[in-house]
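Inspection log for the structure reproduced underneath, given as structure tokens.
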Protein chains: 2
Amino acid sequence: MLSRMTCDCPLYAQEIGSGKYCKYGVKSLIQDYCSFDWSIIMAVTQMDIAERVGVDQSLVSVVLSNKPTPIKVSVATRQRILQAVKEMNYRPNLLARALAKGKTHTIGFLTASSFLEITAAMLTKMDDFAEEAGYEVHSVHTRAEFDLTVKRAHKLIGRGVDGLIISGAFPSIPPSQLQAELSFSVPTVLFSLGTPMPFACRQVYQGSSFGVKQAVDHLYELGHRQIYMIGAKWKGWEADLRFAGFNEGIESHSLGGAKEKLYHFPTYRHTNEDGRRVRDDNRIVSATKEFVKNHPDCTAIICVSDDLAMPILDTFTRMGIRVPEDISIVSFGNDPATLYTHPPLSTIDTPVRKLTQATFDLLMDGIDNKNKEPKEVVIPSELILRQSSGPVRKDLRLTICD
Amino acid sequence: MLSRMTCDCPLYAQEIGSGKYCKYGVKSLIQDYCSFDWSIIMAVTQMDIAERVGVDQSLVSVVLSNKPTPIKVSVATRQRILQAVKEMNYRPNLLARALAKGKTHTIGFLTASSFLEITAAMLTKMDDFAEEAGYEVHSVHTRAEFDLTVKRAHKLIGRGVDGLIISGAFPSIPPSQLQAELSFSVPTVLFSLGTPMPFACRQVYQGSSFGVKQAVDHLYELGHRQIYMIGAKWKGWEADLRFAGFNEGIESHSLGGAKEKLYHFPTYRHTNEDGRRVRDDNRIVSATKEFVKNHPDCTAIICVSDDLAMPILDTFTRMGIRVPEDISIVSFGNDPATLYTHPPLSTIDTPVRKLTQATFDLLMDGIDNKNKEPKEVVIPSELILRQSSGPVRKDLRLTICD
DNA sequence: TTGTAGGCGTTATCAT
DNA sequence: ATGATAACGCCTACAA
């Protein structure tokens, strides 16, 4: 942002502090003499327009704001002003406007990670909704760290966002602290895929338990009795709706203790020196082999994410384990890539559009209606049947030639 | 953003327009009576602090800015002010600060798509560099559309960003228009992976031609003579450095006309109703089959992106074409996933860290040193040899049982 | 129909 | 050491 005081154009400097144009009229003076587009060098203000046209700056403001009662300015001056606006290539200083109006038409979106397909999809959809409603989305990521999330939220508020969307789950933070630190002076909607915030607030989340329960039922009907859930090592499973749904399904069919059926894979993602997010498939291969070795009775698995299911499916295939003939797989997330695996994965949908719509609507309700009442919106998700799940195998004990 | 005028607290309303605290002191008054954190309801300003402490607002500003000469305020008042700042949970209005200082410590990053792994990686790295330098990155995406890019760039400038990074290539826009519309009043760096802007400007791009030439040389040395480049249908290939490198390699070894060796796949990506980006692998499968059928002499391919190479490799495998025994593949991008394909793909690196660093540095040079000279920074990229490229097969004509 | 004046929340430069 | 005062660019009564 170039301040008018930093311009080192000689003509400009010369005119400063002398006569009528001492302070503001210089740019239009210059434009009279040469046709160079000064808006590229320094910002043109309403004052500049006003002085060039010979009216007061407030008139320029009135003309530009183009209120429902536009017949308060004579057609002639209106024309001259608009003409000058065009000629001088005026662009409003949105900071000043925001300061004056107390509104920026901006919403802040705090995302846990930029690498997730779901983040990209939500961001893109959110942008569509926002554009339509006359808002801009400013996204900043938080590395899924709580402190950074809070810090950047305050920064965004300081920057004047009209509303805030915060995505992420923070299972290691006590609920009281969450409630205290996630309260802001602007309308806020908390968003998470499967882990609702453990306190009364305005939030949207995926009702993942429904889909997972469906998956267990589906597998049960196919004759499966040894169903495992596979996820990464994470503190948050107890509060996660995916696990809740799994637990519900397992219990309703008396298939054992859900906790014992939740199998933790080792961490399989890291960021390399070049800043890229790497999925270490070797780790997944060995973890898969170990799982199969230790659980030869397993006939079906439910993976907590497509990202995990796809390499596991691949590993099975290379091990000679047929899917679904030997083991059935149900995945989670409906990543478009699951359409083209071999076989295509049965997966629990993540209805991105609905989730984004609901989040945006809830935020707009907060902004437009100053609604601050806690409200939870749950978007249920359904099981999508494809070819990775089938009838239980005959030999309940799996034998593998390694 | 809540304006102070919209507060409907009765005590506040009652006090308005009466006596010393008529306008500003209400919040601190209220805070004296109840311990509720009003900063959650409405913004606390320096004025509020000042009135509570009983000093002038400008003093608060001085104390908070903590200039190199901090010994201008008595220790006592300084303490009292800081105390009040803490108690009232003051947070600066960054809009006002920006307006007054003419600087936001913010940079705008216009990204072509949120779905690309490379975008996520750059965003994350950029955020690291920015954080370290005391800047914030605000990213908005542009759907790779030129008009939207320009429009949003101006919006960001209006919002006061100190600098701009614009990613993308716009082969269908004439250079003169590019030059005209991509000139802004703030320091700007243009960034692209393989298609430099066709005019003098400050830009960073990957020197892809080097890596691709290396790939051709590498394949040539392995005995390959029928080398094809495979990419999506796109207007921009003529100006793309990947094609330039391919051309250079093909010509230097007299392997034919590069243009005829550039094979266009049909569009294989689209956005579904749910807002998710889908790679249609079925299309890639049929296109691959058609390619092989029409080019039985081909012994090696260079794919313009990993995203295309991976499903092609998969298709080859399922067709019974062995890689690299029957056909060699060299890919482009060094997506971490290429480490774990079967076999792992030889690929041309995209040095994300270096690219991001160079882009950020060039922007900072523009911001700090007001450097506006056109400057091109080229980051060369090297071929990474893995297992998908090997000696040319014996039978030069490939026979496939379909 | 147009101009004047005050405010938005800061920073910065003067006086005192 | 502290307080006035004038920017920053824009909006909005209200006055002329």
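Quick note on labels: first sequence line is chain A, next is B, and so on, each numbered from 1. Please read these numbers as outputs of a predicted model, since none were measured by experiment.
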*Reading nucleotides 10-16 of chain C from the 5' end, what letters show protein touch, with B for base, S for backbone sugar-phosphate only, - for no heavy atom under 4.0 Å?*
BBB----

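- The separation between B:Lys103 atom NZ and C:dG9 atom P is 25 Å, rounded to whole Å.
- With hydrogens and angles left out, the side-chain atoms of B:Ser139 and A:Ser139 include a donor and acceptor closer than 3.5 Å.
- Straight-line distance from the CG atom of A:Leu99 to the P atom of C:dG6: 18 Å, rounded to whole Å.
- The interatomic distance linking B:Arg80 (CZ) with D:dA1 (P) rounds to 15 Å, in whole Å.
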*B:Lys155 and A:Glu131: salt bridge (charged side-chain N to carboxylate O under 4.0 Å, His left out), yes or no, with the steps?*
CA-CA 13 Å; B:Lys155 269 267 171 109; A:Glu131 173 102 27; over 6 Å; no

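- Contact annotation: the side chain of B:Glu145 never approaches that of B:Phe170 to less than 4.5 Å [non-hydrogen atoms, C-beta and beyond].
- No side-chain donor from either of A:Gln83 and A:Gln79 sits under 3.5 Å from a side-chain acceptor of the other.
- Across all strands, A:Val60 comes closer than 4.0 Å to no nucleic acid atom at all (heavy-atom distances).
- Rounded to whole Å, the distance from CG on A:Leu59 to C1' on D:dA13 is 14 Å.
- Put simply, CZ on B:Arg80 and CZ on B:Arg52 are 12.0 Å apart, with the number rounded to the nearest 0.5 Å.
- Of the candidate nucleotides C:dT2, D:dG3, C:dG9, D:dG3 has the atom nearest to the side chain of B:Val55.
- Side-chain contact check for B:Thr104 versus B:Tyr135: every heavy-atom pair is 4.5 Å or farther apart.
- Direction change of the helix axis from one end of the helix from C:dT1-D:dA16 to C:dT16-D:dA1 to the other is 50°, with five pairs defining each end axis (rounded to 10°).
- In this structure, the CZ atom of A:Arg159 is 17 Å from the P atom of C:dG9, given to the nearest Å.
- Distance CZ (A:Arg78) to P (C:dT2): 10 Å, rounded to an integer number of Å.
- Distance alone, capped at 3.5 Å, is enough to place a donor-acceptor pair between the B:Asp56 side chain and the B:Ser58 backbone.
- The OG1 atom of B:Thr142 lies 8.0 Å from the CZ atom of B:Arg152; values are rounded to the nearest 0.5 Å.
- Residues that satisfy the ring pair (Phe, Tyr, Trp, His ring centres under 6.0 Å) test with B:Phe191, not counting sequence neighbours, are absent from this structure.
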